[in-house]
4 protein chains.
Amino acid sequence: MNDQFNIYREAEKTEKLTPKQKLIFQSAIELFSERGYANTSTKEISEHAGVSEGSIFRKFKNKEELLMAILTPLTHKILPQDLDKFSRTAYQNGNLNLKYFLTTMINDRISLFKYNHKIMKIFLNEFIYDQHIHDRLIESIPKKSFKQFNEVLDDLKKKQILIDWDNLEIFRFLASNILGYLIEHYIIVDVKKWNEPLEIEHITDFIVKGLTPTK
Amino acid sequence: MNDQFNIYREAEKTEKLTPKQKLIFQSAIELFSERGYANTSTKEISEHAGVSEGSIFRKFKNKEELLMAILTPLTHKILPQDLDKFSRTAYQNGNLNLKYFLTTMINDRISLFKYNHKIMKIFLNEFIYDQHIHDRLIESIPKKSFKQFNEVLDDLKKKQILIDWDNLEIFRFLASNILGYLIEHYIIVDVKKWNEPLEIEHITDFIVKGLTPTK
Amino acid sequence: MNDQFNIYREAEKTEKLTPKQKLIFQSAIELFSERGYANTSTKEISEHAGVSEGSIFRKFKNKEELLMAILTPLTHKILPQDLDKFSRTAYQNGNLNLKYFLTTMINDRISLFKYNHKIMKIFLNEFIYDQHIHDRLIESIPKKSFKQFNEVLDDLKKKQILIDWDNLEIFRFLASNILGYLIEHYIIVDVKKWNEPLEIEHITDFIVKGLTPTK
Amino acid sequence: MNDQFNIYREAEKTEKLTPKQKLIFQSAIELFSERGYANTSTKEISEHAGVSEGSIFRKFKNKEELLMAILTPLTHKILPQDLDKFSRTAYQNGNLNLKYFLTTMINDRISLFKYNHKIMKIFLNEFIYDQHIHDRLIESIPKKSFKQFNEVLDDLKKKQILIDWDNLEIFRFLASNILGYLIEHYIIVDVKKWNEPLEIEHITDFIVKGLTPTK
DNA sequence: AATGAATGAGGGTTCATTCAT
DNA sequence: TATGAATGAACCCTCATTCAT
């Protein structure tokens, strides 16, 4: 049911991986997320996958290609691809408000990231630290998403249900709080149990209040 | 003037580094932040510092000790060490409100990180990936800060000028938005110029509104 | 027409190669001569031939067997196999002279090498460096050729139309100048166009003059 | 006394090699000439030199740089650098003739190559087979030598003591016969003993006769 | 104190060869 | 017969660390 959020299963399909190559793929995700790309040797990956080291390089030209094969699918999903769906939903409801729109979007993003938090961890790190990978990833993020995102925000601002700040700032407020939540609970993982629905509601409330225009 | 926020100058003092060792120290910060700890060789550090490779290991037992020498001072400063100063300030002003308290604190944190963003960049990465370093750093964060932080928040909540959410959640909202801002502008460094005071005001407004109790 | 000089076509016949194996054979010649035996991978050969890598090893036990299959036929032709034909020709002409004999022989050798210069290039390299191949090739050069060669030279010397030097020296003068010409134009391949008949005439003249006994 | 012809001793000096690096240098010459550059592993070189493998890469950036360090000095000497010295010698003698000029030059070249036949073997092979190295070597051959060579030949042709063929052809006749001799005796090394002065005299006679203009 | 030559374990990658399909 | 996935030894090279000078 939640397979719509499982990114790498899809990647495995489209890349036509053999069973052993799937093991390599999954082992790489496991180890990269655990100890970082630079700190994981191809030998370790092959051992974790129960496969010869050479097998890695049959499918993946080199270690970086393996990393990109893991990360690229995410770049196509990392921004909501049908933002207008959310805004339309809000309109259909008749009861047009920012909260409903954001609630839908935030939950969608959280679901996506939850099911791919290991890849997300790898992604976040490489995106910040490896300029080369940073550039390659930026390129592969669909331009369409950016455009849509801006259109929706501009529309909301025009209707005066969104504060009139720069779109990039608004985007950062969204991203910071969603990612902050996810990083705390899924990446740093010190905390054992928590009331997820409640916290998500808090996040939504927090963002909605923060982005509502002051009268 | 802003030397109060300069962490590594202090580190150099306390560790009693010779001039050459200072060069090593600064070169390591420069290169670790630029290309990551794992991707920086001691050879490169020594060359950047204009020093022989062996000199690194005279002062620092090994590469990791050098890293820890860079990061440890930060752990003592990463949480505000005199939060009550901020709250007292707010009181003294007579005009007690959340915004003033947060404004002071946020600006303080941003100043600290700005003047140490290279170390921060190194810190973020190692904190996420190296369990060993993660643990050492957690230990060295002063317990006192945690306690103080909780006391202040509880006080604010009692006075009903702060929303009644879990302190850790509130902390996360603060941290997420401050770090989000800093990472965007000081670590990812795609953007060239921006209106810093305005953005900081937005951040403060955003957080204040988000954390103000609903009537 | 010039198929008498085409060595590998013959090889293909005698080894009874299937069409795919012919492709492998020709691809190997192409690539070995281009980048050297050691620098050509079986994968590259199979790709160049449009064939699976495994197919190479169906016919050829290993990479070296493939090399030997290419080189061995050359070793049976590398020395003129019917030298007496040349000398007889010279006699029949009635106009017995060294020049006519050498002209015929030199042109014959040049024709042979021209049509097999890729194999020759491979041969020259392996002959020099691989002792194992060196020995195998020396063995497979027909003893008859040596004997014939000596007989012809001795006869010419007796008739005092050839200088009285050691046969091996004379052989080297012949070989050096013929190979020098071929290596320059067919193996080093820097030069674009040249007057082949003229140069061959010069070579012949040069050798004839050099080997004519001084009165 | 003959150290004027020893190229690599000079190389070792100019490159300021440590004793261990000299061992590496000499081992590389030994092994490259014995089994070829491509068939010699850096591990083998280090073992032959009784040194750790890493030591190779302290001085030489990579395997190819090691090869170039061996070959480059030769490229500066491979063509006679003071051809006019030979021609002047011939003139001074009063008894100006082609034979004297060639005798001097041929003996000089043979001496040079004899004392560096291992490097020559490596050189010949890489020059023919590795396009990349071919180009680098061509570049480093001093242009002056080419110019001088042409001037001397043109002068000799004008005085009608040298046949009027293209200079490149004449060069090839010289090179082919000198190299043929050296390759036979110093590189293929099947022959045990031979009368060197006699053979060199034959070579000189052979070339002189071949290049003397026909009346 | 400072140097930098030397080490050798381990890194990513290539490749001839095997073998199940 | 033909394929190509899989292997693992060997390859070139990097690097933190040691130590004689």
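The basis for the numbers below is simple: all heavy atoms, side chains too, and nothing from hydrogens, waters or symmetry mates. Computed from a prediction, not measured in an experiment: that's the story for all the values here. Every chain is numbered from 1 and lettered A, B, ... according to where its sequence line falls, protein lines coming before strand lines.
A/S55 comes within contact range of at least one nucleobase, with a heavy-atom separation under 4.0 Å.
Every residue was checked against the side chain to side chain donor-acceptor pair (under 3.5 Å) condition with A/R58, not counting sequence neighbours, and none meets it. B/K20 meets the salt bridge (charged side-chain N to carboxylate O under 4.0 Å, His left out) test with no other residue; sequence neighbours excluded. Here D/F123 pairs with D/F127 under the ring pair (Phe, Tyr, Trp, His ring centres under 6.0 Å) rule; sequence neighbours left out. Taking the ring pair (Phe, Tyr, Trp, His ring centres under 6.0 Å) definition, one finds that D/H48 meets it with nothing, sequence neighbours left out. Scanning for side chain to side chain donor-acceptor pair (under 3.5 Å) contacts around D/T42 gives D/E53, with sequence neighbours left out. Residues that satisfy the side chain to side chain donor-acceptor pair (under 3.5 Å) test with C/T72, not counting sequence neighbours, are absent from this structure. For B/E34, there are no salt bridge (charged side-chain N to carboxylate O under 4.0 Å, His left out) partners, not counting sequence neighbours. Not counting sequence neighbours, the partners of D/S55 by the side chain to side chain donor-acceptor pair (under 3.5 Å) test are D/S52.
What separates CD of C/E53 from C1' of E/dT14 is a distance of 11 Å, to the nearest Å.
Scanning DNA chain F 5' to 3' for nucleotides with an atom closer than 4.0 angstrom to a non-hydrogen atom of chain A gives a first and last hit of F/dG4 to F/dG8.
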Would you give me the side-chain donor-acceptor pairs under 3.5 Å for residues 61-70 of chain C, sequence neighbours excluded?
from: C/N62; atom 1: OD1; to: C/E64; atom 2: N; distance (Å): 3.2
from: C/N62; atom 1: OD1; to: C/E65; atom 2: N; distance (Å): 3.0
from: C/K63; atom 1: NZ; to: C/Y37; atom 2: O; distance (Å): 3.0
from: C/K63; atom 1: NZ; to: C/T40; atom 2: O; distance (Å): 2.7
from: C/E64; atom 1: OE2; to: C/H132; atom 2: ND1; distance (Å): 3.0

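Looking at DNA chain E, the stems built from 3 or more consecutive Watson-Crick or G-U wobble pairs, each pair with its key distances under 3.5 Å, are E:2-21 with F:2-21.
Taking every heavy atom of residues 33-44 of chain C and every atom of DNA chain F, no pair lies under 4.0 Å.
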